[in-house]
Q: 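Encoded as structure tokens, here's the structure I'll be asking about.
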Amino acid sequence: MKPICKSDAPVEGGVGVRFAVRRTGQLAPAFVVRHGGVVHSYLNRCAHRGTELDWQHGHFFDMEGQWLICATHGALYNPTTGAYVGGPCRSAVLVMLPVAEADGHVCLVPKDGLNLA
């Protein structure tokens with residue numbers, strides 16, 4: 001497993017950590033957030049428009065810290081599953097990345113051509 005950041009870097013319902021991955025040879029933006037005490041990671045691409053979600057660097061949650069929100073058009077996603085919960089994209093899902101916590105770090109679990117860039 002490859003470390004992305006220290007475990008305390010993603011703040012519960014707050015600031016997340018941006019990073020990049022190589023996925024089947026392509027460079028892609030990604031992020032990790034903490035919600036419900038657990039880290040979750042996704043490609044940093046709105047499932048509706050393909051734009052990056054964060055409205056400021058590392059800010060992925062809505063004002064209440066409940067949902068992930070697309071800064072471009074307000075689509076809302078469940079931070080635990082990446083599933084659509086509201087806004088214009090209807091039934092879209094964020095691309096989840098496998099992460100785990102080990103030795104005080106959040107780590108990417110490499111699989112099927114997925115690695116840290």
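In this chain, residues are counted from 1 in sequence order. Here the structure is a predicted model, which is why all the values come from computation and not from measurement. The analysis underlying the following values was restricted to heavy atoms, covering all of them including side chains, and did not include hydrogens, waters or symmetry mates.
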Q: With a 4.5 Å heavy-atom cut-off, do F60 and I69 have their side chains touching?
A: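 No, side chains not in contact.
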Q: Is the backbone of G58 close enough, under 3.5 Å, to the side chain of D54 for a donor and an acceptor to pair up by distance?
A: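 Looks like yes, one N/O pair under 3.5 Å.
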Q: Decide yes or no for M1 and L108: does some side-chain heavy atom of the first lie under 4.5 Å from some side-chain heavy atom of the second?
A: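 Sidechains of L108 and M1: no contact.
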Q: Under the ring-ring contact (aromatic ring centres under 6.0 Å, His included) criterion, do Y84 and Y77 qualify, and how do the steps go?
A: CA-CA 5 Å; Y84 161 85; Y77 300 95; 7.1 Å; no
Q: Say you draw a straight line from CD of Q66 to CG of N78; how long is it, rounded to the nearest 0.5 Å?
A: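 One gets 9.0 Å once the value is rounded to the nearest 0.5 Å.
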Q: Which heavy-atom pair separates C46 from L94 by the least distance, and what is that distance?
A: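 In terms of heavy atoms, the two residues are closest at CA-CD2, 4.4 Å.
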Q: C107 vs K2, test: side chain to side chain contact (heavy atoms under 4.5 Å, CB included). Steps then yes/no.
A: CA-CA 5 Å; C107 300; K2 305 285 184 168; 5.9 Å; no
Q: Under a 3.5 Å distance rule, please check whether S41 uses its side chain to pair with a backbone N or O of L97 as donor and acceptor.
A: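 No, S41 side chain to L97 backbone: no donor-acceptor pair under 3.5 Å.
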Q: Does H35 reach the side chain of T80, with side-chain heavy atoms less than 4.5 Å apart?
A: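 Yes. Closest side-chain heavy atoms under 4.5 Å.
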Q: Is the backbone N or O of G37 less than 3.5 Å from a side-chain atom of E12, with the two atoms forming a donor-acceptor pair by type?
A: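 Side chain of E12 to backbone of G37, a donor-acceptor pair under 3.5 Å: yes, one is there.
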Q: Can you measure from NE2 (H73) to OG1 (T51) and round to the nearest 0.5 angstrom?
A: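 Between H73 NE2 and T51 OG1, I get 6.5 Å after rounding to 0.5 Å.
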Q: Compare every heavy atom of R23 with every heavy atom of V95, then report the nearest pair and how far apart it is.
A: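 In terms of heavy atoms, the two residues are closest at CG1-NH2, 3.9 Å.
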Q: Nearest heavy-atom pair of V33 and G16: which atoms, and what distance?
A: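 Heavy atoms only, the tightest pair is CG1-CA, 4.1 Å.
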Q: Within a reach of under 6.0 Å around CZ of R18, are more than 12 heavy atoms found that belong to other residues, nucleotides or ligands?
A: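 More than 12 within 6.0 Å, yes.
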Q: With a 4.5 Å heavy-atom cut-off, do H105 and C5 have their side chains touching?
A: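 Result no, sub-4.5 Å side-chain heavy-atom pair not found.
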Q: Can you tell me how far the OG1 atom of T72 sits from the CG atom of L53, to the nearest 0.5 Å?
A: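 Answer rounded to 0.5 Å: 8.0 Å.
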Q: If you take all heavy atoms of F61 and R34, which pair is closest and at what distance?
A: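 In terms of heavy atoms, the two residues are closest at CZ-O, 3.7 Å.
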Q: Compare all side-chain heavy atoms of I4 with those of L116 and state whether any distance is below 4.5 angstrom.
A: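 Yes, their side chains come closer than 4.5 Å.
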Q: With side chain to side chain contact (heavy atoms under 4.5 Å, CB included) as the criterion, how do V21 and L114 come out once you've worked through the C-alpha distance, each side chain's angles and the decisive distance to 0.1 Å?
A: CA-CA 7 Å; V21 294; L114 175 68; 3.8 Å; yes
Q: With a cut-off of 6.0 Å (strictly less than), are more than 12 heavy atoms of other residues, nucleotides or ligands near CD of Q26?
A: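 Atom CD in Q26 is not crowded, with 12 or fewer foreign heavy atoms closer than 6.0 Å.
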Q: Calculate, to the nearest 0.5 Å, the distance between atoms SG and CG belonging to C70 and N44 respectively.
A: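 CG of N44 is found 9.0 Å from SG of C70.
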Q: Do you know which two heavy atoms are closest between F19 and V32, and how far apart they sit?
A: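 Taking F19 first and V32 second, the nearest heavy atoms are CE2-N, 3.9 Å.
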Q: What pair of heavy atoms forms the shortest contact from V39 to P10, and how long is it?
A: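 Nearest heavy atoms, V39 then P10: CG1-CG, 4.2 Å.
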Q: Taking E52 for its side chain and P29 for its backbone only, find out whether a donor-acceptor pair lies under 3.5 Å.
A: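 Not at all, since once roles are kept as given, no pair shorter than 3.5 Å links the two residues.
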Q: What's the spacing between H40 NE2 and F31 CZ if we round to 0.5 Å?
A: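 Answer rounded to 0.5 Å: 11.0 Å.
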